[in-house]
Amino acid sequence: MNSTATGATTGITGAARRQPHPAPPPVARLAIAPATGVARRTDGVWWPRSADLEAELPELLPALPFDWPRITHATANGALWAPLPTLTLVAGHVIRLRRIPDRPGPPTLCLVAAGLGRWDLRVLPPRTAEADAVRVLAGVATGEIPADAPVPDEDPAPAAPRRPERPQAARLRDTRAPRNR
């Protein structure tokens with residue numbers, strides 16, 4: 001073996017040749033509901049670290065189940081999400097983004113694989129207490145809690161708008177004698 005092949009003449013030591021391993025990506029806080037024969041509205045629950053969907057997607061998409069095809073569109077529903085660009089690049093693939101801020105109910109994320117399917121995730125707000133979020137994630141993963149169950153930290157769904165009440169007129173009593181028919 002010649003000295004060039006070992007790096008001895010280049011001045012590179014063994015420690016310098018070793019590249020440090022990159023830190024592993026953070027684990028996505030995601031629970032997918034178990035498969036059942038019953039159709040459901042929500043396929044799982046996701047607890048992002050922030051309300052910035054563009055920053056959170058690179059962590060979420062690789063954590064999705066292997067049998068889900070490549071996601072091409074994401075629609076963020078609810079007031080939780082920060083404004084979004086219309087396109088973003090995740091792992092070399094373009095994802096179309098859409099935000100619907102005024103949809104009532106809890107925040108959700110609709111993931112679409114063009115022509116192949118749609119998956120809806122309930123989104124726990126980043127400010128959700130860790131104990132509550134972990135309980136919901138574990139319950140959804142085991143099927144004990146529906147993915148769309150309320151979370152203690154969330155505001156309840158807004159009540160249906162009520163008609164403004166009119167001041168009631170004072171009711172007059174009819175003091176006349178009843179008529180005979």
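Listed here is the closest heavy atom pair of Ile32 and Pro65: CG1-CG, 3.8 Å. Annotation for Leu116 and Pro69: closest pair CD1-CB, 3.6 Å, computed over non-hydrogen atoms. The nearest pair of heavy atoms linking Ala147 to Gly44 is CB-O, 3.8 Å. Closest approach of Val140 and Ala31 over heavy atoms only: CG1-O, 3.9 Å. Contact record, Val112 with Cys110: CG2-SG, 3.9 Å, taken as the closest heavy-atom pair.
Put simply, the side chain of Thr142 gets close to the backbone of Ala138: a donor and an acceptor are under 3.5 Å apart.
Leu111 CG to Arg70 CZ: the interatomic distance, rounded to the nearest 0.5 Å, is 14.5 Å. The CG atom of Leu61 sits 10.0 Å away from atom NE2 of His93, with the distance rounded to the nearest 0.5 Å.
Every residue meeting the side chain to side chain contact (heavy atoms under 4.5 Å, CB included) condition with Thr88, not counting sequence neighbours, appears here in chain and number order: Glu54, Leu57, Val90, Ile95, Leu97. With sequence neighbours left out, Ala114 forms a side chain to side chain contact (heavy atoms under 4.5 Å, CB included) with Thr72, His73. Scanning for side chain to side chain contact (heavy atoms under 4.5 Å, CB included) contacts around Ala63 gives Ala28, Leu30, with sequence neighbours left out. Taking the side chain to side chain donor-acceptor pair (under 3.5 Å) definition, one finds that Asp43 meets it with nothing, sequence neighbours left out. In this structure, the salt bridge (charged side-chain N to carboxylate O under 4.0 Å, His left out) partners of Arg118, at least two apart in sequence or on a different chain, are Asp120. Ala76 meets the side chain to side chain contact (heavy atoms under 4.5 Å, CB included) test with Leu53, Trp81, Leu84, Leu109; sequence neighbours excluded.
Here the side chains of Ser50 and Glu56 are in contact, with some heavy-atom distance below 4.5 Å. Leu80 is not listed as a side-chain neighbour of Pro106, based on a closest heavy-atom distance of 4.5 Å or more. No side-chain heavy atom of Leu121 sits less than 4.5 Å from a side-chain heavy atom of Thr42. Contact check for Trp46 versus Leu60: side-chain heavy atoms found under the 4.5 Å cut-off. Using a 4.5 Å heavy-atom threshold, the side chains of Arg122 and Trp47 count as separate.
A salt bridge links Arg49 with Glu59: the closest approach of a Lys/Arg side-chain nitrogen to an acidic carboxylate oxygen falls below 4.0 angstrom.
In the hydrophobic clustering (ILVMFWY side chains linked at under 4.5 Å, chained through shared members), Leu89 is joined by Leu87, Val94.
Residue pairs that meet the ring pair (Phe, Tyr, Trp, His ring centres under 6.0 Å) test with at least one member in residues 118-140, sequence neighbours left out, are Trp68-Trp119. Listed by first then second residue, pairs satisfying side chain to side chain donor-acceptor pair (under 3.5 Å) with a partner in residues 97-117 read Asn77-Thr108, Arg103-Thr108, not counting sequence neighbours.
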